[in-house]
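Atoms considered below: every heavy atom in the structure, side chains included; atoms not considered: hydrogens, waters and symmetry mates.
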Amino acid sequence: MAAAPHDLRFDSGRLCLDLVATAAAGGRPGEEPYERLTTPERLRAWLLGARVVPPGTPLDGVDSGWLRHFHALRGLLHRVVHAEVADGRGSRAAAADLERVNALAAVAPPALRAVRDGDGALVRALAGPPDCGALAGLVARDAVELLTDPAARGLLRQCEGESCGLLYLDTSRGRRRRWCSSEICGNRERVARHRRRALNGKGARGQDGQEGVKPPMS
(Lines give C-alpha, C1' and ligand atoms only; values in the text may rest on other atoms or scores of the structure.)
Protein backbone atom coordinates (compact mmCIF):
# COMPACT_ATOMS: atom_id res chain seq x y z
CA MET A 1 0.00 0.00 0.00
CA ALA A 2 1.36 3.44 -0.92
CA ALA A 3 2.18 5.81 1.93
CA ALA A 4 -0.13 8.73 2.56
CA PRO A 5 1.32 12.20 1.89
CA HIS A 6 1.68 12.98 5.60
CA ASP A 7 3.26 9.67 6.60
CA LEU A 8 6.77 9.84 8.01
CA ARG A 9 9.40 8.68 5.53
CA PHE A 10 12.58 6.75 6.35
CA ASP A 11 13.69 5.67 2.87
CA SER A 12 16.26 8.31 1.85
CA GLY A 13 19.25 6.28 3.00
CA ARG A 14 20.61 8.94 5.39
CA LEU A 15 19.43 10.32 8.71
CA CYS A 16 19.87 13.96 7.68
CA LEU A 17 17.91 13.42 4.45
CA ASP A 18 15.11 11.70 6.36
CA LEU A 19 14.75 14.86 8.43
CA VAL A 20 14.70 17.05 5.32
CA ALA A 21 11.99 14.79 3.90
CA THR A 22 9.61 15.68 6.74
CA ALA A 23 8.71 18.81 4.77
CA ALA A 24 8.09 18.49 1.05
CA ALA A 25 6.37 20.09 -1.88
CA GLY A 26 2.84 19.06 -2.72
CA GLY A 27 2.48 15.82 -4.60
CA ARG A 28 0.85 17.47 -7.62
CA PRO A 29 1.17 20.86 -9.33
CA GLY A 30 -0.72 23.53 -7.42
CA GLU A 31 -0.78 21.63 -4.13
CA GLU A 32 0.51 23.38 -1.03
CA PRO A 33 3.66 22.03 0.67
CA TYR A 34 2.83 19.72 3.52
CA GLU A 35 4.35 19.42 6.97
CA ARG A 36 5.00 16.01 8.47
CA LEU A 37 6.35 17.21 11.83
CA THR A 38 3.23 19.02 12.96
CA THR A 39 3.34 18.32 16.71
CA PRO A 40 5.77 17.20 19.42
CA GLU A 41 4.11 13.79 19.22
CA ARG A 42 5.04 13.53 15.56
CA LEU A 43 8.61 14.54 16.37
CA ARG A 44 8.77 11.79 18.99
CA ALA A 45 7.58 9.30 16.37
CA TRP A 46 10.25 10.55 13.95
CA LEU A 47 13.06 10.34 16.52
CA LEU A 48 12.13 6.72 17.24
CA GLY A 49 11.44 5.77 13.62
CA ALA A 50 14.72 7.27 12.40
CA ARG A 51 16.55 5.53 15.29
CA VAL A 52 17.96 8.75 16.61
CA VAL A 53 17.27 7.19 20.01
CA PRO A 54 17.14 3.50 20.97
CA PRO A 55 13.73 1.79 20.79
CA GLY A 56 11.62 2.37 23.88
CA THR A 57 13.42 5.56 24.93
CA PRO A 58 11.05 7.79 26.96
CA LEU A 59 10.56 11.08 25.11
CA ASP A 60 8.18 12.85 27.46
CA GLY A 61 10.40 15.94 27.46
CA VAL A 62 9.92 16.57 23.74
CA ASP A 63 7.83 19.73 23.53
CA SER A 64 7.17 22.68 21.25
CA GLY A 65 10.67 24.01 21.88
CA TRP A 66 12.15 20.79 20.52
CA LEU A 67 9.84 21.03 17.53
CA ARG A 68 11.01 24.55 16.70
CA HIS A 69 14.65 23.47 17.06
CA PHE A 70 14.26 20.53 14.67
CA HIS A 71 12.26 22.64 12.21
CA ALA A 72 15.14 25.13 12.16
CA LEU A 73 17.69 22.33 11.75
CA ARG A 74 15.67 20.86 8.89
CA GLY A 75 15.55 24.19 7.05
CA LEU A 76 19.28 24.63 7.53
CA LEU A 77 20.10 21.15 6.20
CA HIS A 78 17.75 21.63 3.26
CA ARG A 79 19.58 24.77 2.21
CA VAL A 80 23.05 23.30 2.68
CA VAL A 81 22.51 19.92 1.05
CA HIS A 82 20.61 21.30 -1.94
CA ALA A 83 23.15 24.05 -2.47
CA GLU A 84 26.05 21.61 -2.36
CA VAL A 85 24.80 18.65 -4.33
CA ALA A 86 21.30 18.97 -5.77
CA ASP A 87 22.13 20.45 -9.15
CA GLY A 88 25.62 18.96 -9.52
CA ARG A 89 27.01 22.21 -10.96
CA GLY A 90 29.54 23.11 -8.31
CA SER A 91 27.28 25.40 -6.27
CA ARG A 92 28.19 26.06 -2.66
CA ALA A 93 26.30 26.48 0.57
CA ALA A 94 26.49 29.83 2.32
CA ALA A 95 29.43 30.09 4.69
CA ALA A 96 27.16 31.10 7.58
CA ASP A 97 25.00 28.01 7.04
CA LEU A 98 28.05 25.73 7.03
CA GLU A 99 29.30 27.29 10.24
CA ARG A 100 25.92 26.69 11.86
CA VAL A 101 25.89 23.04 10.77
CA ASN A 102 29.42 22.59 12.13
CA ALA A 103 28.48 24.18 15.45
CA LEU A 104 25.47 21.90 15.85
CA ALA A 105 27.54 18.84 14.89
CA ALA A 106 30.15 19.70 17.52
CA VAL A 107 27.71 19.10 20.39
CA ALA A 108 28.66 15.94 22.24
CA PRO A 109 26.46 12.94 21.32
CA PRO A 110 24.29 11.32 23.98
CA ALA A 111 26.08 8.72 26.09
CA LEU A 112 24.94 5.13 25.62
CA ARG A 113 24.78 2.20 28.02
CA ALA A 114 24.47 -1.55 27.46
CA VAL A 115 21.51 -2.91 29.44
CA ARG A 116 19.57 -6.17 29.57
CA ASP A 117 16.14 -6.34 28.00
CA GLY A 118 13.33 -8.58 29.17
CA ASP A 119 14.86 -11.58 27.43
CA GLY A 120 18.31 -10.99 28.82
CA ALA A 121 19.83 -9.70 25.58
CA LEU A 122 22.10 -6.66 25.67
CA VAL A 123 20.53 -3.58 24.09
CA ARG A 124 21.42 0.11 23.85
CA ALA A 125 19.90 2.72 26.15
CA LEU A 126 20.63 6.38 26.78
CA ALA A 127 22.70 7.01 29.90
CA GLY A 128 20.52 10.01 30.80
CA PRO A 129 17.41 11.89 29.76
CA PRO A 130 17.31 12.77 26.03
CA ASP A 131 18.77 16.19 25.26
CA CYS A 132 17.50 18.20 22.31
CA GLY A 133 20.89 19.66 21.37
CA ALA A 134 22.65 16.31 21.58
CA LEU A 135 20.08 14.57 19.37
CA ALA A 136 20.05 17.42 16.85
CA GLY A 137 23.84 17.14 16.84
CA LEU A 138 23.59 13.53 15.68
CA VAL A 139 21.59 14.65 12.64
CA ALA A 140 23.93 17.54 11.89
CA ARG A 141 26.94 15.23 12.20
CA ASP A 142 25.38 12.87 9.67
CA ALA A 143 25.08 15.80 7.25
CA VAL A 144 28.77 16.66 7.76
CA GLU A 145 29.74 13.05 7.06
CA LEU A 146 27.56 12.94 3.95
CA LEU A 147 28.84 16.19 2.48
CA THR A 148 32.50 15.30 3.05
CA ASP A 149 32.28 11.75 1.67
CA PRO A 150 32.80 11.79 -2.14
CA ALA A 151 31.47 8.23 -2.50
CA ALA A 152 28.23 9.03 -0.67
CA ARG A 153 27.78 12.31 -2.52
CA GLY A 154 28.14 10.40 -5.77
CA LEU A 155 25.07 8.35 -4.84
CA LEU A 156 22.87 11.36 -4.16
CA ARG A 157 19.91 11.72 -6.47
CA GLN A 158 16.94 14.05 -6.68
CA CYS A 159 13.54 12.44 -7.17
CA GLU A 160 12.23 12.75 -10.73
CA GLY A 161 8.64 12.80 -9.53
CA GLU A 162 6.64 15.82 -10.60
CA SER A 163 6.66 18.49 -7.85
CA CYS A 164 8.72 16.29 -5.51
CA GLY A 165 12.47 16.92 -5.51
CA LEU A 166 13.37 14.92 -2.39
CA LEU A 167 16.99 13.80 -2.15
CA TYR A 168 18.01 10.20 -1.51
CA LEU A 169 20.98 7.85 -1.82
CA ASP A 170 20.73 5.57 -4.82
CA THR A 171 22.12 2.23 -3.66
CA SER A 172 20.03 0.25 -6.14
CA ARG A 173 21.54 -2.29 -8.49
CA GLY A 174 22.87 -0.45 -11.52
CA ARG A 175 22.20 2.90 -9.83
CA ARG A 176 18.97 3.34 -11.81
CA ARG A 177 16.59 4.42 -9.06
CA ARG A 178 14.55 7.37 -10.34
CA TRP A 179 12.18 8.15 -7.49
CA CYS A 180 12.39 8.76 -3.76
CA SER A 181 9.79 5.99 -3.44
CA SER A 182 8.56 3.57 -6.08
CA GLU A 183 5.29 3.23 -4.15
CA ILE A 184 4.63 6.98 -4.06
CA CYS A 185 6.25 9.01 -6.84
CA GLY A 186 6.97 5.95 -8.99
CA ASN A 187 3.37 4.77 -8.81
CA ARG A 188 2.10 8.30 -9.49
CA GLU A 189 4.25 8.46 -12.63
CA ARG A 190 3.00 5.05 -13.82
CA VAL A 191 -0.63 6.13 -13.36
CA ALA A 192 0.01 9.37 -15.27
CA ARG A 193 1.73 7.45 -18.08
CA HIS A 194 -1.23 5.07 -18.32
CA ARG A 195 -3.65 7.99 -18.56
CA ARG A 196 -1.59 9.65 -21.29
CA ARG A 197 -1.57 6.43 -23.29
CA ALA A 198 -5.32 6.06 -22.86
CA LEU A 199 -5.94 9.62 -24.02
CA ASN A 200 -3.59 9.23 -26.97
CA GLY A 201 -5.37 6.03 -27.93
CA LYS A 202 -8.76 7.74 -27.92
CA GLY A 203 -7.41 10.57 -30.04
CA ALA A 204 -5.99 8.16 -32.60
CA ARG A 205 -9.25 6.26 -32.86
CA GLY A 206 -11.13 9.52 -33.38
CA GLN A 207 -8.82 10.48 -36.26
CA ASP A 208 -9.45 7.13 -37.92
CA GLY A 209 -13.16 7.78 -37.83
CA GLN A 210 -13.85 4.90 -35.48
CA GLU A 211 -15.09 7.07 -32.63
CA GLY A 212 -16.03 10.30 -34.36
CA VAL A 213 -19.30 11.60 -35.74
CA LYS A 214 -20.56 9.27 -38.40
CA PRO A 215 -21.07 10.81 -41.89
CA PRO A 216 -24.72 11.30 -42.94
CA MET A 217 -26.38 8.58 -44.98
CA SER A 218 -26.77 9.51 -48.71
Side-chain angles (χ1 to χ4, degrees), residues 1-27 33-57 59 62 66-86 93 97 100-101 104-105 107 109-110 112 124 126 130-149 151-161 163-172 175 177-187:
M1 180 181 295
H6 291 81
D7 285 350
L8 296 174
R9 302 274 300 275
F10 305 103
D11 49 7
S12 74
R14 295 295 296 230
L15 176 60
C16 60
L17 299 182
D18 280 346
L19 178 61
V20 172
T22 60
Y34 46 79
E35 171 65 69
R36 291 186 171 111
L37 294 183
T38 52
T39 64
E41 290 74 24
R42 293 283 285 176
L43 177 56
R44 291 174 197 144
W46 184 84
L47 291 169
L48 288 166
R51 301 191 177 184
V52 180
V53 295
T57 298
L59 294 172
V62 175
W66 281 58
L67 190 62
R68 288 192 297 271
H69 190 77
F70 272 85
H71 280 174
L73 173 60
R74 180 184 64 193
L76 175 65
L77 295 181
H78 182 277
R79 293 194 303 273
V80 169
V81 175
H82 275 267
E84 286 291 317
V85 301
D97 281 346
R100 181 58 179 157
V101 171
L104 291 169
V107 177
L112 296 175
R124 294 181 305 140
L126 296 185
D131 176 76
C132 181
L135 298 186
L138 288 176
V139 184
R141 199 151 36 250
D142 181 67
V144 170
E145 293 171 356
L146 170 63
L147 294 172
T148 56
D149 182 349
R153 285 182 61 145
L155 298 177
L156 272 168
R157 303 286 186 272
Q158 185 165 346
C159 181
E160 296 181 17
S163 300
C164 180
L166 290 181
L167 294 175
Y168 60 89
L169 257 61
D170 182 7
T171 57
S172 66
R175 306 293 184 262
R177 180 177 167 187
R178 298 177 53 198
W179 303 293
C180 63
S181 169
S182 178
E183 290 76 20
I184 302 175
C185 288
N187 185 62

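- Between atom NE2 of residue H82 and atom CG of residue L156 there is a gap of 9.5 Å, rounded to the nearest 0.5 Å.
- Contact between H71 and L37 at its shortest, heavy atoms only, is NE2-O, 2.9 Å.
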Exercise for the section: Show your reasoning for whether side-chain contact (heavy atoms from CB on, under 4.5 Å) applies to L76 and L104. Expected result: CA-CA 11 Å; L76 175 65; L104 291 169; 3.8 Å; yes
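- Listed here is the closest heavy atom pair of R9 and D11: NE-OD2, 3.2 Å.
- The closest donor-acceptor contact from the side chain of R14 to the backbone of L169 lies at 3.5 Å or more, if one exists at all.
- In this structure the side chain of P110 never reaches within 4.5 angstrom of the side chain of D131, judged on heavy atoms.
- Under the 4.5 Å side-chain criterion, counting only non-hydrogen atoms from C-beta, L167 is not in contact with S12.
- Scanning for salt bridge (Lys or Arg N to Asp or Glu O under 4.0 Å) contacts around R141 gives an empty result, with sequence neighbours left out.
- Listed for the T22 side chain is no donor-acceptor partner under 3.5 Å among the backbone atoms of R36.
- Listed for the R177 side chain is no donor-acceptor partner under 3.5 Å among the backbone atoms of S172.
- Judged by distance alone, with hydrogens and angles left aside, the side-chain atoms of D142 form a donor-acceptor pair with the main-chain N or O of C16 at under 3.5 Å.
- With a 6.0 Å radius and a threshold of 12 heavy atoms from other residues, nucleotides or ligands, R153 has its CZ atom above the threshold.
- Side-chain atoms of D170 never come within 3.5 Å of backbone atoms of R157 as a donor-acceptor pair (strictly under, hydrogens ignored).
- Among all heavy-atom pairs drawn from V139 and W46, the shortest one is CG2-CH2, 4.2 Å.
- Scanning all heavy atoms of the two residues, the minimum distance from L48 to G56 falls at CD2-N, 4.1 Å.
- The pair E35-R42 does not meet the salt-bridge criterion, since no charged nitrogen lies less than 4.0 angstrom from a carboxylate oxygen.
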